[in-house]
Amino acid sequence: MKERLIALIESALDSLIAAGTLPADAKRPVQIDRTKDKSHGDFATNIALMLAKPAGMKPRDLAEALIAALPADSAVAKVDIAGPGFINFFQAEDFLNSQLDAALADAHLAVPRGAPQTVVVDYSSPNLAKEMHVGHLRSTIIGDAVVRTLEFLGHQVVRQNHVGDWGTQFGMLLAYLDEQKHEESAAELSRELGDLEGFYRAAKQRFDESEDFATRARGLVVKLQAGDADCLKLWREFNDVSLSHCQAVYDRLGVSLTPSDVRGESAYNDDLAQVVADLTAKGLLSEDQGAQCVFMDQFKNKDGDPLPVIVQKADGGYLYATTDLAALRYRAGTLGADRMLYFVDQRQALHFQQMFALAKLAGFVPEATELAHMGFGTMNGPDGRPFKTRDGGTVKLIDLLDEAEQRAYALVSEKSGELDEDELRSIARAVGIGAVKYADLSKNRSSDYIFNFDQMLSFEGNTAPYLLYAYTRVASVFRKAGLAMDAVSGDFQLNDDAEQALAARLVQFGEVLQSVADKGQPHLLCAYLYDVAGLFSSFYEHCPILSIDDPALKQSRLKLAALTARTLKQGMELLGLSPLERM
RNA sequence: GCGCCUGUAGCUCAACCGGAUAGAGCAACGGCCUUCUAAGCCGUCGGUUGCAGGUUCGAGUCCUGCCAGGCGCGCCA
């Protein structure tokens with residue numbers, strides 16, 4: 001509809017220019033927005049305000065001239081001038097109805113799919129040396145929601161779980177693993193690795209207290225890097241266990257990552273020397289205090305001197321910058337990315353600016369490829385400080401999820417005690433996990449946010465339980481009526497304000513998804529679904545569906561309910577929530 | 001010191017590319033269950049958008065300067 005209106009306005013502009021009312025150079029991009037207030041119609045443009053000055057006319061006069069020159073269109077019922085010179089468009093009822101019918105008739109809810117792109121999305125990317133903690137939640141959840149949305153819009157998405165499976169701390173872990181293997185049975189060892197966090201602490205303790213152990217650990221790093229077979233075997237064993245922990249968390253969270261999406265830092269080891277050689281060949285590299293660096297003019301350090309990107313240490317070792325460059329090249333070259341999205345902590349903003357600039361400078365990534373760091377803020381506790389356990393340690397993700405489910409179970413069994421135990425458990429899972437995910441997704445990605453169980457599990461406000469509940473209410477209508485959601489027919493009759501408001505919002509699903517995909521901001525979808533759920537609840541209170549006598553109106557309301565249900569369900573699935581039929 | 005981010009109602013958060021009267025929820029107060037799930041709906045109260053300038057038809061949004069908080073800044077990732 002926006003495109004359609006823009007075309008109309010451009011046509012009107014052209015005729016005003018042809019008539020000499022507007023100077024030929026006065027044309028500029030037409031901006032059209034949805035109105036916030038129903039009294040301003042459905043869409044508005046500020047074009048008359050923008051062009052008033054170059055045209056030498058009063059905005060309202062220009063608006064009037066534009067309206068007079070506007071071609072007729074059956075989708076537009078009325079055009080008005082309002083305020084200082086806004087042009088307001090009122091959508092024709094028939095047109096809205098046809099949009100609703102189109103959505104209802106299509107498995108994809110008539111969401112348009114644009115030109116498909118190959119989008120590489122880097123998200124989750126935990127460090128395998130430790131267990132996943134709350135710091136990994138945001139990347140994992142937000143990245144997954146955006147990935148699902150991109151796929152729904154028809155893009156080819158390549159997930160990249162860039163796990164930390166390399167680095168000096170592995171020497172310590174392998175030394176400890178080796179030591180324990182000799183002292184314990186396989187079963188004991190497996191149990192011990194079950195608590196990776198404890199395993200890491202124990203290894204660290206050994207490292208700190210025993211010089212002998214530390215020496216062995218450092219030796220193992222060298223052997224590992226040299227490709228020693230025994231050492232690699234140990235390393236793989238360790239990573240397998242660690243990865244299986246991650247996968248358990250993903251499964252529990254309902255995140256779409258699988259083992260085949262893992263491509264860790266170590267995957268680029270063989271390419272690192274080549275990256276440095278290529279940078280040298282391009283003449284980008286210079287040595288500084290023994291390290292191989294690239295200096296780019298736009299990056300300055302604290303003294304105003306050029307800030308280096310170090311790609312090789314003085315001792316010959318490589319760094320994460322080197323790995324990231326290799327990954328950029330792989331994603332552009334081998335994976336054929338048109339777009340790369342990095343869901344990584346905001347604190348690495350400078351690093352990514354440098355990487356992106358350098359990757360293009362070095363020709364590792366084509367100029368046209370979009371590189372975007374989708375940074376996010378910190379997850380804080382109710383005190384506004386970084387989320388920690390009572391004794392100040394990091395909170396394991398799995399513990400957080402356990403608590404969420406327990407709390408949800410308590411709430412669910414209180415409200416719906418009549419359901420059987422299995423169903424209570426499964427509802428508690430959807431509600432508890434959904435609440436944690438939704439609390440994160442519904443906030444603006446770039447800012448810090450406060451994690452609060454009570455708030456996210458509340459049935460009121462912009463929460464997962466509220467959305468899930470709204471969906472069960474629609475589902476319940478159809479269950480009660482003994483009808484399938486696709487067994488509705490007839491024409492829409494939207495007479496009540498509540499019906500119209502809901503309908504008008506429902507047809508915006510596609511544009512919302514488009515902005516989620518463009519900006520990597522799932523909170524836009526959350527806000528939309530919350531809105532739809534609220535409008536439905538209002539409709540549900542004010543417009544009886546099943547008990548109404550008029551059969552045509554009943555069908556219309558059933559259709560509206562069906563489209564609401566499908567939109568809510570699809571939206572929740574894109575966010576990675578599990579819609580429930582009952583709760 | 002330089003750079004990035006943040007500052008919106010008592011609290012938690014919104015506000016699409018600069019657009020019309022800055023919106024929700026919680027909390028407080030008041031209504032609505034013989035009728036499709038009240039985990040709901042309807043209403044009242046609550047704001048100098050950190051401060052001061054500027055740009056313009058119009059600024060929470062853009063620019064400048066302050067104030068407050070967070071983060072980053074050469075061989076960790």
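So you know, we letter chains A, B, ... as the sequences are listed, proteins then strands, and number each from 1.
Nucleotide B/G40 forms a pair with B/C32, judged by Watson-Crick or G-U wobble geometry with both contacts under 3.5 Å. Both distances falling under 3.5 Å, in either a Watson-Crick or a G-U wobble arrangement, place B/G53 opposite B/C63. The partner of B/C71 is B/G3, judged by Watson-Crick or G-U wobble contacts that both fall below 3.5 Å.
Residue-level contact check: A/I545 touches the bases, meaning some heavy atom is under 4.0 Å from a base atom. At a threshold of 4.0 angstrom between heavy atoms, the contacts of A/P544 include nucleobase atoms, whether or not backbone atoms are also involved. Contacts of A/N88 with the nucleic acid, taken as non-hydrogen atoms under 4.0 Å apart, include base atoms. Residue contacts for A/F478: at a heavy-atom cut-off of 4.0 Å it reaches no nucleic acid atom on any strand shown. Residue A/Q289 is in base contact, counting any heavy-atom pair closer than 4.0 Å across all strands shown. Residue contacts shown for A/T463 are absent, as no nucleic acid heavy atom lies under 4.0 Å away. Contact annotation for A/N46: base contact, defined as any heavy-atom pair under 4.0 Å involving a base atom. Residue A/E460 is classed as a sugar-phosphate contact, given heavy-atom separations below 4.0 Å to backbone atoms only. Within 4.0 Å of A/S515, counting heavy atoms only, lies no atom of the nucleic acid at all. At the heavy-atom level, A/A349 lies nowhere under 4.0 Å from the strands shown. Here A/C526 lies out of heavy-atom contact (under 4.0 Å) with every strand.
B/A14 and B/G72 have their C1' atoms separated by 28 Å, with the value rounded to a whole Å.
Comparing B/G19, B/G40, B/G70 by their nearest atom to the side chain of A/F459 picks out B/G40. For A/H542, the listed nucleotide lying nearest its side chain is B/C41; candidates were B/C57, B/G70, B/C41. When distances run from any side-chain atom of A/S537 to the nucleotides B/C41, B/C57, B/A15, the shortest one goes to B/C41. Nearest nucleotide to the A/S538 side chain, out of B/G19, B/C42, B/G25: B/C42. The side chain of A/L546 sits closest to B/C36 out of B/A20, B/C36, B/G74. The side chain of A/E265 has B/A77 as its nearest neighbour among B/A39, B/A77, B/C57.
Atom CE in A/M50 sits about 10 Å away from atom P in B/G18, given to the nearest Å.
Side chain of A/H136 to main chain of A/M132: no donor-acceptor pair is present (N/O by atom type, distance under 3.5 Å, no hydrogens or angles).
A donor and an acceptor atom never sit less than 3.5 Å apart when one is taken from the side chain of A/T323 and the other from the base of B/A77. Side-chain to base pairing of A/Y320 with B/A77: one donor and one acceptor N or O lie within less than 3.5 Å of each other. For a distance-only test at 3.5 Å, the side chain of A/N444 fails to qualify as a donor-acceptor partner of the base of B/A15.
Using cut-offs of 30° and 60° for the angle between ring planes, the A/F343 and A/Y123 rings count as perpendicular. Note on ring orientation: taking the six-membered ring where Trp is involved, the planes of A/F170 and A/F238 are perpendicular (angle over 60°, cut-offs 30° and 60°).
Within the 4.0 Å cut-off from OP1 or OP2 of B/G70, not a single side-chain nitrogen or oxygen of A/R347 is found. The phosphate of B/G19 (OP1 or OP2) has no side-chain N or O of A/K36 nearer than 4.0 angstrom. Within the structure, every side-chain polar atom (N or O) of A/Y469 is placed at least 4.0 Å from both OP1 and OP2 of B/C41.
In this structure, A/H40 packs face-to-face on the six-membered ring of B/A20, meeting both the 5.5 Å centre cutoff and the 30° plane limit.
A cation-pi arrangement, defined by a distance under 6.0 Å to the six-membered ring centre and an angle within 45 degrees of its axis, is absent between A/R473 and A/F536.
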Output, in order, the C-alpha distance, side-chain angles, deciding distance and verdict of salt bridge (charged side-chain N to carboxylate O under 4.0 Å, His left out) for A/K38 and A/D497. CA-CA 10 Å; A/K38 193 84 176 79; A/D497 283 352; over 6 Å; no
